Structures are given as structure tokens and as C-alpha cells.
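In what follows, every chain begins at residue 1, and chains take the letters A, B, ... in the order their sequences are listed. Just so you know, these numbers come straight off a predicted model, no measurement behind them. Only this structure's heavy atoms are used, side chains among them; waters, hydrogens and symmetry mates stay out.
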Amino acid sequence: MRSDSWSRGWPGSGGGVHALPPGSRSRFLHGPTRRDFLRSCGTSALAIAAVELIPGAFVTRRASGAVPPPDRLEALGAVALDRARSLGASYADIRINRYRTQTVLLRSTPDWATGAINNVPSVTDEESFGFGVRVIHGGAWGFAASADVDKDTIARMTAEAVGIARAHARLRGEPVRLAKVSPAKDTYGTPIEKDPFGVGIAAKVGLLQQVGDEVRKVPGIFSVTGFMEQRQEDRFFASTEGSVIRQTIVQVSPEYTAVARDLKARKTKTRTFRPDAVCGGYEFIERAGMVENARRIGEEAVNHLKAPPVAAGKKDLVLLPTHLALTIHESIGHSTELDRAMGYEANFAGTSFLTTDKLGKFRVGSDIVNIFGDRILPQALSTCGYDDDGARTKRFPILKNGIFVGYQTTREQAHWIGQEESMACCYADSYASVPFQRMPNVWLAAGEKRCALDDLAAGVDDGVLIDGRGSYSIDHQRYNFQFGGDAFWEIKNGKVGPMIADVAYQSRTPDFWQACDLIGDQSTWRNVGLNRDGKGEPGQINAMSHGCPASRFRGIAVIRTE
Amino acid sequence: MHWDRDEAKKTIERILSLAGPGEWEVDLSARTSSHTRFARNEISTSGFVEDVDLSVTARRDGRSGTVGTNDLSPSGLRAALARAAEMRGLMPVDPEAVEMLPAQKYPVLEKYDDATAGARAAERVSGVKATLGLARRRSLTAAGFFENGVSHRAIGNSKGNFGYHLSTDAELSVTMRTADGTGSGWASGSSPRFHDLDAKALARRAADKGIASAAPRDVPPGDYTVILEPAAVAALLQSLQFGTLQARAADEGRSVFSKQGGGGRVGEKVAHESVTLRTDPFDARLPGTPWSVRGGFGEGAADSLPNRRIAWIEKGVLKTLYADRYWAGKTGVEATPFPGSLVLDGGTRSLEDLIAETERGLLVTRFWYIRAVNPQTWQLTGLTRDGLFLIEKGKITHPATNLRFNESPLVMLQNVEGMTAAVPAGRMVVPAIKSREFTFTSKSDAV
């Protein structure tokens with residue numbers, strides 16, 4: 001179910017990023033979609049029923065979560081590739097993918113009538129399986145996808161894809177040209193210690209309950225919502241160039257939010273604990289300090305409610321990684337997407353101030369700002385072995401000493417800027433989605449000199465320390481932005497003081513990054529993961545990490561958001 | 001996979017017959033959709049997708065588990081049902097669980113059109129061709145998105161409830177940028193009927209806007225009288241569907257519609273007397289479903305209530321807040337479906353009238369990247385995009401550099417000075433609105 005034309009129903013007119021609250025299935029108002037998946041196999045007796053073969057039809061159906069074995073996937077893939085070739089396609093690839101998502105949620109709120117605490121649980125297991133075929137015919141792209149993974153449907157949909165390319169070839173200028181890759185026969189898997197789908201529901205709900213109980217020990221808490229999501233993508237890719245790649249990506253993301261309220265003042269404030277969402281197993285959730293931080297999070301929610309509003313004006317900002325990550329994402333991540341810069345996303349996400357004439361020349365940040373695109377960084381959410389073009393993933397510079405030196409690209413895009421190689425940033429969020437350029441992990445390097453949080457605050461007379469994500473909005477060329485946070489502390493005369501509230505800052509991307517005068521050392525660096533970045537038409541989501549150290553920015557316009 | 005009503009009913013009955021003890025809910029959908037993207041005056045990517053989606057929820061004694069799958073084979077169904085039952089057994093009791101709905105009488109909504117269901121790449125090409133031709137003739141660069149699809153959807157449960165809905169939708173949006181990169185215009189149309197979309201008219205509108213918006217001049221941020229075109233109005237109101245109209249948020253003191261000390265502001269005057277905001281699933285111009293579809297996280301058990309006309313704000317007075325069945329039961333109000341299919345009643349002025357009656361103000365084509373800054377005041381931030389124009393002494397004098405706003409739509413609805421007739425925009429039906437003292441806080445160089 002993909003009623004994508006409804007997808008612009010995300011909050012706000014622009015589906016820029018992070019529009020979806022955790023656990024939301026509201027991307028399509030027409031009804032929930034299940035592109036994400038889920039099936040917590042665990043100890044379930046029905047878990048591994050393997051592949052069901054219906055004689056004659058060559059139908060492959062996973063009865064309960066098993067991916068077809070490699071030889072069957074290859075046989076199915078060959079149907080598409082052979083059909084595409086025979087119809088005259090110059091290139092074709094097929095992805096046969098399975099997606100699993102499990103979402104566990106626990107909200108505790110006082111009962112309206114009695115005031116007793118109600119713990120409201122919910123769990124959803126989702127799984128989807130299907131294929132998408134992409135062809136180049138007559139220099140134009142065609143794509144078709146279905147959830148019916150059988151030989152006949154694959155052949156029929158391959159013909160549909162070729163038909164689309166044919167219909168569109170006349171309205172195509174220069175033919176699509178792909179950067180070279182070495183055909184690969186390979187596998188990749190996210191290293192995990194503990195399969196998150198193998199951990200029982202009771203343990204997960206139990207952890208969220210423990211967190212909620214601990215937060216609630218702080219007087220003045222109204223509600224606590226705990227959330228845990230596990231995803232797995234089993235990707236199969238085969239192309240007419242000879243690549244055959246199987247990958248398994250596993251991601252976990254836990255978080256919880258405490259809410260404090262003052263009914264008389266009509267005020268509510270929140271505080272969220274969001275450990276790094278990572279590619280990895282359940283061990284990351286166990287080691288995330290969920291319970292250990294609960295009391296502090298509760299106290300900070302209550303203090304946030306009592307905190308005085310900020311006095312607006314130009315201030316120095318010290319930004320912690322959990323906050324800075326989304327600032328990097330919005331201002332640097334999106335502005336260095338080559339398709340945006342060229343105008344391919346002009347109708348929705350927008351274009352970019354970083355036009356191709358600026359590559360290698362334009363100063364975005366100060367000398368100390370070094371930012372990389374990266375799909376090989378361990379544990380980062382966008383990390384995998386090969387992208388959805390079949391290109392080997394890599395690391396590449398985006399900003400070097402503040403100068404813009406690199407775009408995110410796919411195989412189709414490399415030659416647009418005279419490059420021979422793709423930066424391997426091609427991704428589709430479902431078998432049913434057209435692969436296109438998506439953001440890799442984009443991370444800020446730590447400073448080499450010793451610089452802890454205290455050192456960052458030390459030089460600040462009048463400033464704000466910001467942690468976590470608040471409301472984020474940026475224009476369609478990635479210049480003007482307004483970012484809020486989750487928690488704020490005053491910095492006066494070099495010392496971090498009490499909490500303040502109602503803070504947002506406004507700046508312009510190059511002004512902001514050139515105002516960066518001190519970057520924390522590796523001890524302050526965290527590999528912060530983001531889910532649900534939105535881009536494209538029909539809308540697709542993506543997850544990536546934005547590792548960064550705590551950093552300082554001078555003289556930024558702070559507004560009061562009451 | 002396409003089902004008519006009888007086939008859908010049989011499929012759901014088959015699923016329920018395989019289910020074990022306890023109560024069960026089934027939500028089944030199939031969609032075929034097809035799209036064409038274009039940019040830089042050529043077609044870029046396109047797709048054709050057939051997909052299915054099944055969700056089963058097992059309930060018993062306040063416990064529940066939900067499983068989603070697209071595997072409708074007998075073994076796939078059995079596995080999904082068994083898994084849902086297993087999860088139900090492992091979950092704690094939900095103290096906010098409500099009884100499953102018995103058989104409901106759902107309205108029949110006419111949202112289906114054969115031509116829209118059947119249109120493929122070849123049918124979209126003529127509209128795209130016309131758009132690209134116009135762009136070239138006027139030295140503009142076009143980008144856009146053209147999509148059409150058909151959805152079959154059915155729900156059912158073990159208490160005998162059943163609903164079926166067949167719908168189509170089509171959408172075309174176009175952006176036209178000037179060669180020097182200083183101007184950008186946009187237009188968009190959507191309808192359950194493919195042939196309602198007039199590609200040439202949309203292309204012309206986007207092109208006119210693009211050319212008119214070129215070489216903008218800075219205007220200082222500050223408070224302005226604004227004339228918001230329908231797309232801009234719809235974008236501001238969209239956030240109503242993400243919690244602002246929720247009774248629970250208001251009662252618990254978490255929303256702009258909360259009273260001091262708690263409780264909602266139903267019955268209070270919250271907007272100008274010309275403001276009437278309704279849900280109307282029967283409006284042929286709007287998408288709508290026969291039953292309420294959950295809006296998002298935390299929206300509770302609104303699923304499956306029959307959809308109906310509801311006035312949320314009438315003549316400026318807050319009449320109704322959206323209450324799911326749990327919250328309605330707790331607080332003694334009537335449960336309502338989710339606030340979809342929104343209509344903001346219009347007025348009698350034309351856009352030209354509103355401009356002519358403005359001494360100094362800004363005409364806003366649309367907004368971008370709107371986010372809530374403060375739910376308690378419903379303050380939003382966002383930016384103008386694709387055509388901002390300065391109005392002086394009743395005339396548009398020049399295009400203006402884009403601006404960021406920080407404003408509450410409620411303030412905008414209180415300061416209304418005039419409205420046009422309501423038209424489809426942003427999957428709502430809304431007028432253009434003239435409103436005073438709309439706050440812009442900084443300049444955006446983006447085009």
C-alpha cells in the first residue's frame with residue numbers, strides 16, 4: 001500500500017526531514033504503509049518455515065520471514081535480467097528485498113478520572129518482501145515493482161519497466177550514462193552480537209517499563225513515552241553487468257521522552273533521551289544507559305518547565321553532538337546532494353546554494369571544519385557494503401578546511417561533474433521505490449588539540465549550551481535556517497549555568513559554519529544517528545548518522561520562541 | 001491484486017476463519033500506482049508499482065499485537081495470525097483498550113474513476129510534453145511530478161464489521177525556474193479524476209509565477225498584512241491534523257486549545273467570525289475514506305469509526321475537538337473520526353479584490369518546511385517559496401526576497417480581513433485569505 005501522492009501530508013508544507021514522530025505510520029493519510037517491516041521471530045515456533053515452493057509456478061513466498069536461498073534469488077533475478085536484455089535494454093538491475101520492522105512503545109500517563117498511572121503498551125511487527133526492476137532503454141530509465149515475487153510477475157514487470165522507458169525516451173535529452181563499477185559477487189552483513197528480533201517482547205516492554213518507573217520517581221512528571229525500533233533489510237541485487245550482491249542491514253533505535261506540565265501557566269516542556277541509533281544489534285540498547293539516565297532526564301524535564309525564557313540577541317552557541325547532528329544534516333548534508341544542486345529535486349525538496357561552479361572553491365566553513373561523506377563508518381546507519389547501484393561504498397571529503405570539495409553522487413550523476421567514479425550514495429527505501437541519490441553518513445571530524453566541553457564554554461561570556469533536537473526548518477536552497485533544541489543551559493562568563501527555555505537560533509549556512517571557532521576533541525565526538533529523512537517524489541525515507549564533536553559558534557542570532 | 005467488494009469480503013472472511021480465539025481486526029489494501037518525474041526540461045525517473053498490505057491485530061482481555069505483511073499466501077496468512085496471537089500473549093494489558101466496533105454502516109464515497117486507475121506512462125506523456133514545451137518557449141527550466149493510482153481497501157473484524165473502499169487519485173505539480181536562477185514559480189493540482197488535471201493551465205501558472213518572481217528585492221522582516229494563496233493557507237492548516245485539534249492534547253493542557261487550569265476551549269471564540277472549518281468526506285474534490293483512518297502516532301483508537309461531516313470551528317467558535325473512542329468515553333463527549341478531508345469555507349472576494357484593497361502587504365504563493373515551534377501557542381515557523389510579492393497601494397509592485405515567518409495560524413485566522421471562494425489546494429478545500437499582522441522574522445536568499 002503506497003498511496004504516495006498523499007505523502008505530502010507530513011506536517012508542514014515541506015517534507016524536508018524528520019517529519020515523522022517516532023512510530024508514526026501516518027506518512028500516508030490514506031492508510032498505514034508497511035514498507036518497513038517486521039517480524040520478531042525470536043523463539044517463535046513459526047519463525048523459520050523457509051521457502052514455500054508451489055510446483056509449476058515457481059512462486060517463492062517466505063512463509064514467515066525467511067529470505068529465499070541465494071541460488072533461488074539468483075534464478076529469480078536472472079528472469080528480469082534476461083527479459084530486459086531480450087527487450088533491448090542497455091542496462092537492468094533487480095533488487096529482491098525483505099524488510100522487517102518491530103516497534104515497541106510504552107506510554108505512561110495519569111488516568112483522566114483517577115489520576116492513577118496508566119501504562120499503555122503497543123507493539124507492531126511488520127514485514128514486506130518484493131522486487132523492483134530498473135532498466136535503461138533508449139537512454140531513459142524505467143522502473144516497475146511488485147510484491148508478487150514469482151517468475152511470471154518478474155517477467156511482466158520487467159516488460160512494464162521497459163514500456164515506461166520507451167514511452168519516456170522521446171522526452172529525454174542526453175541518454176543516461178552510468179559510471180563504471182567492477183561487477184561484484186559479494187555479501188555484506190551488519191556486525192551484530194545480539195539479534196534484536198531474537199530478543200523477546202517481554203524484555204523490551206520490561207526495559208521501557210523500568211525506564212518509565214525510574215523517570216516517574218522525579219516529582220512533577222506528567223507522562224513518559226518510551227520507544228524502541230528494530231529494522232532489518234535483506235537486500236539482493238543483481239545487474240546485467242554481472243553483479244550479484246546480498247546484504248543484511250540491522251538497525252536499532254531506542255529513545256524516551258519525559259513531559260512535565262504546568263496547567264495554570266498553560267505550559268508543557270519535554271526532555272528526550274536519545275542514545276545513538278546505530279547499525280548493530282540489541283547490545284547497543286542494553287549498553288545505552290536507558291535506565292541509568294532516566295532520573296536525570298526526568299529532572300531536566302521538570303527543570304526545563306521551570307526555566308526562564310532566553311533573552312533574545314546575538315549569542316555564542318556551544319552545541320552538543322545530539323543537537324549538532326541535525327544541523328549538519330540540514331545545512332551540509334542536503335546542500336551537497338548533487339541531484340539537488342543540478343535541479344532534479346527542484347519541484348519538492350528544492351535546489352542548493354552549493355551549485356557546481358562552487359565545487360573546489362567555495363568557503364562554507366572556517367578552516368577547522370572538515371566534513372566527510374561515508375558509508376563505511378562502523379555502526380553508522382547508512383553503512384553497508386554496496387549501494388543500490390551496485391557500487392562499493394566508500395568515504396569521501398565534502399568540506400576540507402572549510403572549503404566545499406565534494407558532492408554526494410550516484411553512478412548516473414558522476415559524469416555530470418566530470419567524475420569517473422560514483423560516491424556510492426544510491427538507495428531506495430523499499431523494493432517498490434526507485435533508487436536515487438540519498439544522503440550517506442555525513443560527519444564532522446573532531447579537533448586534534450585537546451578540547452573538552454569545559455574548554456568550549458571557557459571562552460564564552462554570553463552563550464547557550466544546546467542538547468538534543470527541537471524544531472528544525474531550513475529553506476529550499478539550504479541557506480536560511482531556524483533550529484531549536486531539546487534542552488538549553490545558559491553560559492555566563494565561561495561557565496555553564498542553569499537551564500533556560502524557549503530558545504531557537506537563526507542563521508545562514510555559510511555564516512554559521514564560518515562562525516565555528518572551536519571544535520571539541522574525540523572525547524566529545526558521538527556517532528549520532530537519524531531516522532526518517534524524507535526526500536523525493538514519491539516520498540522516500542532514509543537513515544544515516546552524523547557523527548560530530550561538541551562545537552562552538554560565535555555570535556549567532558538567538559530568538560525567544562514563547 | 002484487485003478486489004471488488006465481494007472479493008474483499010471473502011478475503012477478509014477467509015483470514016478471520018484462519019484466526020484463533022480472541023478478537024481480530026483486519027486491514028487490507030492493494031494499490032497500483034504509476035508516476036513520471038521530470039526536471040531540467042526532460043523526464044528523469046518513472047515507476048510502476050503493484051503492492052499489497054495486510055495488517056492483522058489480535059485482541060483479548062485488553063492485550064493486543066499487530067502484524068503487518070504483504071504475504072497473502074495461505075502459509076503467509078497463518079504465520080501472520082500466529083505471530084499476532086503470540087505477541088498478544090506476551091504484551092501487558094492496555095488500560096486504555098476499547099471494545100472492538102460491532103458492524104458499522106459506512107457511507108459510500110465516490111472517489112473512483114476508471115481513466116485514473118488505468119492511466120500509464122503514455123497517458124501522462126502528453127501533459128509532460130506540453131509542460132516541457134512551454135518551459136522551452138519561455139526560456140524556463142521545468143521540474144515536476146505526475147502520479148496516478150488506484151487503491152482498494154477493506155477492513156473487517158471478528159464482530160462482523162466490514163468496510164470497502166475503492167478510490168483513485170491523480171496529482172501533477174510543476175516548478176518553473178528562470179534561466180538566471182532568480183525566479184521560481186510553482187503550481188499543483190490533484191483530484192480523484194485524472195482528466196481534471198489541466199497540465200497546460202498548471203504549467204502556465206507556474207511559468208507566470210516564475211517569471212514574475214524573478215530578480216526579487218529585499219523587504220525587511222516584520223509584521224505585514226498578507227494575502228495567502230490557497231496553497232499557503234492549506235500548508236498552515238495541515239498541522240491541525242497532527243495533534244492541534246486533538247481533544248486529549250487540549251484537555252491535558254498540551255495544546256493551543258487548552259484552557260488555563262486544564263480542559264479544552266470548546267465553545268470559545270477562537271477565530272474571526274468568518275472562519276468555519278469542517279471535515280467533509282463527501283466533497284467530491286477531496287480525498288476521503290468511508291471510515292476514519294488513524295492520523296498518526298498517539299492518535300489513539302479512532303480507526304474504523306464511520307466518517308461524517310463535522311464542524312470543528314463554526315463562525316469563529318471552536319465547536320468540536322477530535323476525540324478517539326477511549327478519550328471520548330473518559331471525558332463524556334461523542335467520539336469523532338479523525339479530522340481528514342478539511343474544508344475552510346470561503347468568502348466573496350476575488351484575489352484581485354484582496355490585492356486592490358491592500359495598502360501595503362505581501363502576496364504569498366506558498367510556504368515551505370513548516371514546523372511547530374510551540375504547540376501551546378501553535379506557533380509555526382516556515383518560509384515563503386515560489387513567488388512572494390510586495391503589494392503597495394492596491395497593486396503588486398515587485399517580487400520580494402523570500403522570508404521566514406514565526407506565527408500561529410490561529411492568529412492568522414483571528415486577523416482575517418477577507419477571503420476568496422474556497423478551492424482545492426494541498427488536499428483540502430480552502431480560500432485565499434487576507435490577514436493582518438503576520439510576523440516574518442528573517443530573510444531567506446533561497447529561490
Toward chain B, the part of [X] with a non-hydrogen atom under 4.5 Å:
X      : answer
A:V205 : side chain
A:F353 : neither
A:T351 : side chain
A:R170 : side chain
A:M157 : side chain
A:A140 : neither
A:D111 : side chain
A:R166 : neither
A:R261 : side chain
A:I474 : both
A:T109 : side chain

Evaluate the criterion side chain to side chain contact (heavy atoms under 4.5 Å, CB included) for residue pair B:F338 and B:V293; output intermediate values, then yes/no. CA-CA 7 Å; B:F338 181 78; B:V293 175; over 6 Å; no
Using only heavy-atom distances, determine whether the side chains of [X] and [Y] contain a donor-acceptor pair under 3.5 Å.
X      : Y      : value
B:N406 : A:Q482 : yes
A:Y344 : A:E412 : no
B:S151 : B:R31  : yes
A:S146 : A:R156 : no
B:Q376 : A:T268 : yes

Report the option among [options] that has the most heavy-atom pairs separated by less than 4.5 Å from atoms of chain A.
options                        : value
B:N374, B:L240, B:L236         : B:N374
B:A84, B:G426, B:G262          : B:G262
B:K330, B:R88, B:R40           : B:R40
B:K259, B:R404, B:R177, B:K443 : B:R404
B:E42, B:R385, B:Q379          : B:R385
B:N41, B:T175, B:L132          : B:T175

Nearest heavy atoms of [X] and [Y], plus distance in Å:
X      : Y      : value
B:S173 : A:E537 : OG-OE2, 3.9 Å
B:S64  : B:T57  : CB-CG2, 4.2 Å
B:L383 : B:F405 : N-CE2, 4.0 Å

Chain B contacts, top residue of [options] (heavy-atom pairs, under 4.5 Å):
options                        : answer
A:V259, A:T355, A:D339, A:L171 : A:L171
A:N118, A:L106, A:V123         : A:V123
A:R134, A:Q209, A:K267, A:E174 : A:K267

For [X], is it the side chain, the backbone, both or neither that has a heavy atom under 4.5 Å from a heavy atom of chain A?
X      : answer
B:R254 : both
B:N148 : neither
B:S188 : neither
B:T331 : both
B:D445 : both
B:S442 : both
B:V150 : neither

Using the rule given for salt bridge (Lys or Arg N to Asp or Glu O under 4.0 Å), can you reason through B:R83 versus B:E86, listing the C-alpha separation, both sets of side-chain angles and the distance that settles it, and then say yes or no? CA-CA 5 Å; B:R83 179 68 188 137; B:E86 186 199 11; 2.4 Å; yes
B:S184 (side chain) donor-acceptor with B:G181 (main chain) under 3.5 angstrom: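 No: the side chain of B:S184 does not pair with the backbone of B:G181.
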Report yes or no: does B:S167 contribute a side-chain atom to a donor-acceptor pair with the main-chain N or O of B:K111 at less than 3.5 Å?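 Such a contact is absent between B:S167 side chain and B:K111 backbone.
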Please evaluate residues B:L77 and B:L54 with respect to the criterion side chain to side chain contact (heavy atoms under 4.5 Å, CB included), reporting the C-alpha separation (whole Å), side-chain torsions for both, the decisive distance (0.1 Å), and the verdict. CA-CA 9 Å; B:L77 293 178; B:L54 167 70; 3.4 Å; yes
For B:H35 and B:F145, take the angle between the two ring planes, folded into 0 to 90°, and tell me which bin it lands in: parallel under 30, tilted 30 to 60, perpendicular over 60.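 Plane angle between 30° and 60°, so tilted.
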Ring-plane angle category for A:F348 and B:W368, please: parallel below 30°, perpendicular beyond 60°, tilted otherwise.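 Rings of A:F348 and B:W368: perpendicular, over 60°.
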